[in-house]
Novice: 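One structure, pasted below without further comment.
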Amino acid sequence: MNHLQQNEVQQKRHLLIDELIKSGIYKINNKHLYEWTLSDLEEEYKDIEKQVEGKDLAPISMDSEWDSFLNT
């Protein structure tokens with residue numbers, strides 16, 4: 001993985017961590033978010049989005065720029 005790809009992965013991880021913290025998630029199973037892999041963070045974020053949709057709450061707020069970044 002080149003330096004640019006590593007930066008993109010780190011940015012994506014930080015974004016997901018920030019969004020999960022906004023949702024009130026800091027730690028699960030005694031593991032802090034910063035210890036999670038990108039895949040784990042993405043999975044948890046998707047689970048939270050599903051829960052929000054199921055409860056008819058406003059979705060987690062994300063800029064469309066960041067939303068498209070997450071979907072890359």
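Residue numbers count from 1 along this sequence.
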Novice: Yes or no on side chain to side chain contact (heavy atoms under 4.5 Å, CB included) for Gln5 and Val9, after CA distance, side-chain angles and deciding distance?
Specialist: CA-CA 6 Å; Gln5 290 171 321; Val9 167; 5.5 Å; no
Novice: To the nearest 0.5 angstrom, please state how far the CD1 atom of Ile25 sits from the CG atom of Leu41.
Specialist: 10.0 Å
Novice: Once side chain to side chain contact (heavy atoms under 4.5 Å, CB included) is applied, do any residues pair with Asp18, and if so which ones, sequence neighbours excluded?
Specialist: none
Novice: Measure the CD-CD distance between Gln51 and Glu49 for me, rounded to the nearest 0.5 Å.
Specialist: 11.0 Å
Novice: Among Asp40, Ile28, Ile21, exactly one meets side-chain contact (heavy atoms from CB on, under 4.5 Å) together with Leu33. Which residue is that?
Specialist: Ile21
Novice: Do Asn2 side-chain atoms and Leu4 backbone N/O form a donor-acceptor pair below 3.5 Å?
Specialist: yes
Novice: Do Glu44 and Ile48 have side chains that get closer than 4.5 Å, going by heavy atoms?
Specialist: yes
Novice: Closer than 4.0 angstrom, basic N to acidic O: yes or no for Lys27 and Glu35?
Specialist: no
Novice: Between CG of Leu15 and OH of Tyr45, what distance do you get to the nearest 0.5 Å?
Specialist: 7.5 Å
Novice: Can you see which heavy atom on Trp36 is nearest to which on Arg13, and at what distance?
Specialist: O-NH2, 2.7 Å
Novice: List for me each residue that meets ring-ring contact (aromatic ring centres under 6.0 Å, His included) alongside Tyr34, sequence neighbours excluded, and say none if there are none.
Specialist: His32
Novice: So, are Glu43 and Lys46 salt-bridged, with charged N and O less than 4.0 Å apart?
Specialist: no
